[in-house]
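The structure appears right after this line, and notes come after that.
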Protein chains: 2
Amino acid sequence: MSDRRTAILEAAATVIARRGVRGLRVEELAEEAGVSKALIYYHFDDRAGLLRRTLAFVNNRAERYTAEQEAADPPAGPLRRLEQALLLELQDLPHVRENSTAWGELRASAVFETELRSELALASVIWIREVADQLGEVRPTAPESALAASAERLTALLEGLSARWLCGILPLPDARTAMREGIAVEVAHLARRAAEPSTEDTPSRANLD
Amino acid sequence: MSDRRTAILEAAATVIARRGVRGLRVEELAEEAGVSKALIYYHFDDRAGLLRRTLAFVNNRAERYTAEQEAADPPAGPLRRLEQALLLELQDLPHVRENSTAWGELRASAVFETELRSELALASVIWIREVADQLGEVRPTAPESALAASAERLTALLEGLSARWLCGILPLPDARTAMREGIAVEVAHLARRAAEPSTEDTPSRANLD
DNA sequence: GTCTATACTCCGATAGAC
DNA sequence: GTCTATCGGAGTATAGAC
């Protein structure tokens, strides 16, 4: 992968975070990357191809950030590690906000551009499994299915909160608090699931009506 | 409000659900509504104004649907009522899908179009309070702050799951299951909050590390 | 691989008649 | 209030030189 190519992808993430997928203009991207418009069409067939590659790039970068953070600030215990991983996306650092915004944009546009779906689905599965694994380290006796379900909910919650934060209707501290409490609630739930293995996949329903 | 105006707004929701806010072309909208392009600019100042009005329209319509559903299928008890309200958005009926898609699109585009934010924030606050109230009827002894926090999480979870469903990476039945379990988990959490009033705003943290 | 210059399409917005 | 006709700008993509 050439330097130029990477520079274009980095710039694409920046411009998408600034203007959205719909607001991305090849000309503005060219300026941001310090290259000509034509070079973008040379490296990526067209606009759609560019978006696909950008999505992959953003996903990779998010993985790198997670690894970097864990190295820089080693979490004390599995619960802290899980919190760190999930709260990582809710930070007002330039590159984090950029990544979150670009990811949200690309996912939103996938509702209408089918080409992005497979890339998106893959990243989603990996991310959910990662969270499920970390939940498993916090609650080793909880059943796999319960871990997977909790991970699904926690990652969906994160995306919902992130969307609200990014569109300005939920202050960042509130989003972080909501996420932290959401983790605590799910972890407590898993503790009960582990303690009462008799409760089947529909957890604690009978006693709620 | 004239018939034409309403017809345009209805058509706008339809076209947005079909092509996205990004894909909305005033010409296609005119065709869908059976009017001329110029009439759209007559009734709504510009594209941005049209989007603002469409957001308000979609919100109103969602409220109407909720009321209609409650009348048509009276829920048995407060928990069922809550479930019905939250699961309403996760249904593959044309008008529901249209509403959800349009709402998701408009929220996503609000990241870059500041004008939509106030309308969006207002609808969000109302919706969260509504859910908090219904949670309060399920768990009358739970503190207000806990109800509000649970409502925030549940509505964010709904939006996260809905986004995944609409962009095709999460099958609808899975989304519905996740939502139902999410409700159960939060309701169980509120039961503990009511039972142990000593536990402060950071729920069950101390015993988790 | 990278640039400059340009072709051509599409679309938002307005003018002006009825 | 509603239409037809049109303008002007913005934006994607390509041609062709280096």
Side-chain angles (χ1 to χ4, degrees), chain A residues 1-57 101-102 105-106 108-116, chain B residues 1-57 102 105-106 108-116 119:
Chain A
M1 177 118 59
S2 78
D3 272 3
R4 293 283 207 193
R5 232 183 118 91
T6 310
I8 293 171
L9 289 172
E10 246 159 30
T14 304
V15 176
I16 287 176
R18 185 161 58 220
R19 308 263 184 238
V21 167
R22 177 165 196 269
L24 176 100
R25 304 293 163 228
V26 179
E27 178 138 32
E28 184 178 359
L29 170 56
E31 235 170 274
E32 180 76 30
V35 302
S36 69
K37 278 197 292 180
L39 191 63
I40 292 168
Y41 287 98
Y42 172 78
H43 280 301
F44 313 91
D45 293 347
D46 53 11
R47 218 185 114 88
L50 171 70
L51 292 180
R52 245 180 340 120
R53 297 302 187 150
T54 305
L55 178 56
F57 173 80
T101 309
E105 268 292 294
L106 289 161
S109 63
V111 178
F112 311 100
E113 314 209 21
T114 319
E115 317 161 43
L116 295 176
Chain B
M1 177 117 62
S2 78
D3 272 4
R4 294 283 207 193
R5 233 183 118 90
T6 310
I8 293 171
L9 290 172
E10 247 158 30
T14 303
V15 176
I16 288 175
R18 185 162 58 220
R19 309 262 184 237
V21 165
R22 304 159 178 75
L24 178 105
R25 303 293 162 233
V26 179
E27 179 138 31
E28 183 178 0
L29 170 55
E31 235 170 275
E32 179 75 29
V35 301
S36 70
K37 273 202 294 180
L39 191 62
I40 292 169
Y41 287 98
Y42 172 78
H43 280 300
F44 312 91
D45 293 349
D46 53 11
R47 198 175 183 281
L50 171 71
L51 293 180
R52 246 180 338 120
R53 296 304 186 147
T54 304
L55 178 56
F57 173 80
E105 270 293 292
L106 289 162
S109 64
V111 178
F112 311 99
E113 315 209 21
T114 319
E115 317 160 44
L116 294 176
E119 183 78 39

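Both backbone and side-chain heavy atoms feed into the values below; hydrogens, waters and symmetry mates do not. Throughout, protein chains are lettered first and strands after them, A, B, ... in sequence-line order, and every chain is numbered starting at 1.
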**Asked** Atom CD of B/E31 and atom P of D/dT4: how far apart are they, to the nearest Å?
**Response** 12 Å

**Prompt:** Between C/dA15 atom P and B/L39 atom CG, what is the distance in whole Å?
**Reply:** 17 Å

**Euclidean distance, B/L106 CG relative to B/T54 OG1, rounded to 0.5 Å** = 7.0 Å

**Spacing of B/R19 atom CZ relative to C/dC10 atom C1', expressed in whole Å** = 15 Å

**Request:** Would you give the length of the straight line joining atom CG of B/L50 to atom CD1 of B/I16, rounded to the nearest 0.5 angstrom?
**Result:** 7.0 Å

**Asked** Got a sec, which pairs hit salt bridge (charged side-chain N to carboxylate O under 4.0 Å, His left out) with one end in residues 27-39 of chain A, sequence neighbours left out?
**Response** A/R18-A/E28, A/R18-A/E32, A/R19-A/E28

**Request:** Specify the separation, in whole Å, of atom CZ of B/R5 and atom P of D/dG1.
**Result:** 9 Å

**Prompt:** What is the distance from atom CD1 of A/I40 to atom CG of A/L9, rounded to the nearest 0.5 Å?
**Reply:** 10.0 Å

**Request:** Starting at CD of A/E115, measure out to CG of A/L51 and round the result to the nearest 0.5 Å.
**Result:** 8.5 Å

**Request:** Please report, rounded to the nearest Å, how far the P atom of D/dT4 is from the CD1 atom of B/I40.
**Result:** 13 Å

**Message:** Does the protein touch nucleotides 7-18 of chain D at the base, only the backbone, or not at all? Give it as B, S and - per nucleotide, heavy atoms under 4.0 Å.
**Reply:** ----SBBBB---

**Message:** Quick check for you: to the nearest 0.5 Å, what is the distance between B/L39 atom CG and B/F44 atom CZ?
**Reply:** 8.5 Å

**Item:** Interatomic distance, B/F44 CZ vs D/dG1 C1' [rounded to whole Å]
**Value:** 13 Å

**Message:** Using whole Å, what does the distance between atom C1' of nucleotide C/dT2 and atom CZ of A/R4 come to?
**Reply:** 7 Å

